[in-house]
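Below, chains carry the letters A, B, ... as their sequence lines are ordered, and counting in each starts from 1. Keep in mind that the numbers below use all heavy atoms, side chains included, and drop hydrogens, waters and symmetry copies.
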There are 2 protein chains.
Amino acid sequence: MAAEAAVPVDEDEAPLPLGPRRRDAAATREALLSAARELIARDGISDVSTRDVAAAAGANQALVYRYFGSKEALLVEALQPTEPDSTISETPLAELPRTLLRRALDPDAPADVRASSMSTLVAGAGTELVRSIARDRIHAGFTTQLAGRLDGDDAELRAELVAALLTGISSLRGQIGTRAMAGADLDELAIHVDRMVAPLIEPALPGTATA
Amino acid sequence: MAAEAAVPVDEDEAPLPLGPRRRDAAATREALLSAARELIARDGISDVSTRDVAAAAGANQALVYRYFGSKEALLVEALQPTEPDSTISETPLAELPRTLLRRALDPDAPADVRASSMSTLVAGAGTELVRSIARDRIHAGFTTQLAGRLDGDDAELRAELVAALLTGISSLRGQIGTRAMAGADLDELAIHVDRMVAPLIEPALPGTATA
DNA sequence: TGCCGATGTAATCGGCTGACGACTTGACGA
DNA sequence: TCGTCAAGTCGTCAGCCGATTACATCGGCA
């Protein structure tokens, strides 16, 4: 399954034109991380074992403990975002709901994106460790960024409501496979999401009573 | 223990989680089911073992297999709704969102209600069995009932969007414990939920294009 | 060249799990 | 009184898990 294990055209020096890359600690570590993200995205956090990760990475299971110390530490590092995401801060507010929706539901996204997505984290929230990771990721990577673009005093709550909606949609469509949700066209979904999110992100209308 | 001259048959299904109920097959079976629901509601579906259920029920672990045949069969029966719920069909549409929200977030609800709630089912969707149960439960117990009260051709999709929102809120507030969501007052939440759900349940506005 | 640390491997340990079979206990009827 | 059978108990098996240890091997450096 490891697509990069057979072709040693990676960084560093490449004095070996042929032959498998052996005894490369950094590459092995990265292969374990990559395999962990792949399995997390495919099977969920709670269904990942160190033996599966090692096998998928073409490495020995004991190396998980040499390089990460514990299974938890491996998962924590695998669930970290690989690169900062500026979607929320750069997308126009009017296009933001469907942009976020599209990204949350994209099944072809890279494994590291899917592994650390909100719905994957919520689905694997069986341990306090995963719960705290999910809490921090949603807060730092979603809530504060979106809340910063909203007006009003309860901007943070409204931002989390957007997160809740996206998480719920992703769960019902991608995991449970509810009929209408799984069969719906993405644009059709986006229309409804737009209308649901609008009251949260639009500035308070003067004509609408606050009660 | 020959002191009692007459043994009245009064302790049939007394809700006593403790007490040496001996040689009562129906009661033991029910105790196992009740304990399973309690543990599912507390720890999630995937964290329930037959030994834990038996211990919580004050029964022997082997009895799980005598009365249910397998762990799966026990869980399937434990996740069935104990009584039909007419909340969706009887509550006025205008009050429905906050009524459903209150019920989804009530931490004092009976164990069987919490065990078979949408968020619990979604959180334990690690196996295809649980996924199919969640699919059926949401469809029969929520989607069709709510969709039946909505107008328009995509009523089922809009009903599932309500389910997605409630599921997401319940997950973020009850499991992850996101800051704003966990700290928000329920009435404050209900105001936003009302505004989010309104575009889904209100009859199509004449001024809005259907495309 | 020969050493030695870094890298990788195999085997194993203790624990928990679902599942099963053999056994014991108790109640009830002939 | 005693046989029978359901109800409940006990011990165990096989598998997977995280984690650890002892050992094998490669490769750079003196």
Taking salt bridge (Lys or Arg N to Asp or Glu O under 4.0 Å) as the definition, give me every residue that meets it alongside Arg66(A), ordered by chain and number, with sequence neighbours left out. none
Inspect the contact between Asp187(A) and Arg102(A) and indicate whether a charged nitrogen and a carboxylate oxygen are less than 4.0 angstrom apart. yes
Look at Thr50(A) and dC17(D) and indicate whether a side-chain polar atom (N or O) is within less than 4.0 Å of OP1 or OP2. no
Report the distance from atom CD1 of Ile201(A) to atom CZ of Arg149(A), rounding to the nearest 0.5 Å. 9.0 Å
Between Arg114(A) and Asp108(A), is there a side-chain N and carboxylate O pair less than 4.0 Å apart? no
Round to a whole Å and report the spacing from CG of Asn60(A) to P of dT20(D). 15 Å
Would you indicate what Phe68(B) reaches in the nucleic acid, counting non-hydrogen atoms under 4.0 angstrom: base, sugar-phosphate, or nothing? nothing
Can you tell me the distance, in whole Å, between the CD atom of Gln61(B) and the C1' atom of dG18(C)? 7 Å
Given dA19(D), is OP1 or OP2 found less than 4.0 Å from the side-chain N or O atoms of Tyr65(A)? yes
Heavy-atom neighbours of Glu128(B) CD exceed 12 at 6.0 Å: yes
Leu146(A) and Leu96(A): side chain to side chain contact (heavy atoms under 4.5 Å, CB included), yes or no, with the steps? CA-CA 10 Å; Leu146(A) 179 55; Leu96(A) 195 50; 3.7 Å; yes
Please check if the side chain of Arg179(B) supplies one atom and the backbone of His139(A) the other of a donor-acceptor pair under 3.5 Å. no
Verify whether one side chain among Ser117(A) and Thr120(A) offers a donor that lies under 3.5 Å from an acceptor in the other. yes
Which nucleotide in the list dG8(C), dA27(C), dT17(C) gets nearest to the side chain of Tyr67(A)? dG8(C)
Please compare Asp52(A) and Gly69(A) by the position of their nearest nucleotide in DNA chain D and report the one closer to 5'. Asp52(A)
Kindly indicate, with the supporting measurements, whether the criterion side chain to side chain contact (heavy atoms under 4.5 Å, CB included) is fulfilled by Leu79(A) and Ile45(A). CA-CA 9 Å; Leu79(A) 291 175; Ile45(A) 299 174; 4.0 Å; yes
Nearest whole Å is fine: how far is dG11(D) C1' from Arg51(B) CZ? 11 Å
Can you list the steps and then say if Thr143(B) with Glu156(B) is a side chain to side chain donor-acceptor pair (under 3.5 Å)? CA-CA 6 Å; Thr143(B) 306; Glu156(B) 190 169 314; over 6 Å; no
With DNA chain D as reference, determine whether Arg66(A) or Ser49(A) sits nearer its 5' end, using the nearest nucleotide of each. Ser49(A)
For Val53(A), which contact category applies under a 4.0 Å heavy-atom criterion: base, sugar-phosphate, or nothing? nothing
Identify, residue by residue, the members of residues 32-40 of chain B with a heavy atom below 4.0 Å from DNA chain D, and return them in order of residue number, or none. none
dC17(D) C1' sits how many Å from Leu75(A) CG, rounded? 13 Å
Quick one: Asp24(B) CG to dA7(D) P, roughly how many Å, whole number? 9 Å
Does dG8(C) have OP1 or OP2 sitting under 4.0 Å from an N or O in the side chain of Thr28(A)? yes
Over all strands shown, is Ala25(B) touching base, sugar-phosphate only, or nothing at heavy-atom distances under 4.0 angstrom? sugar-phosphate
Send over the distance from Arg23(B) CZ to dC5(D) P, rounded to a whole Å. 14 Å
Axis-to-axis angle across the helix from dT1(C)-dA30(D) to dA30(C)-dT1(D), five pairs an end, to 10 degrees? 30°
Whole-Å distance, Leu63(B) CG to dG21(C) C1', equals 14 Å
Separation of dA6(D) atom C1' from Arg29(B) atom CZ, nearest Å, is 16 Å
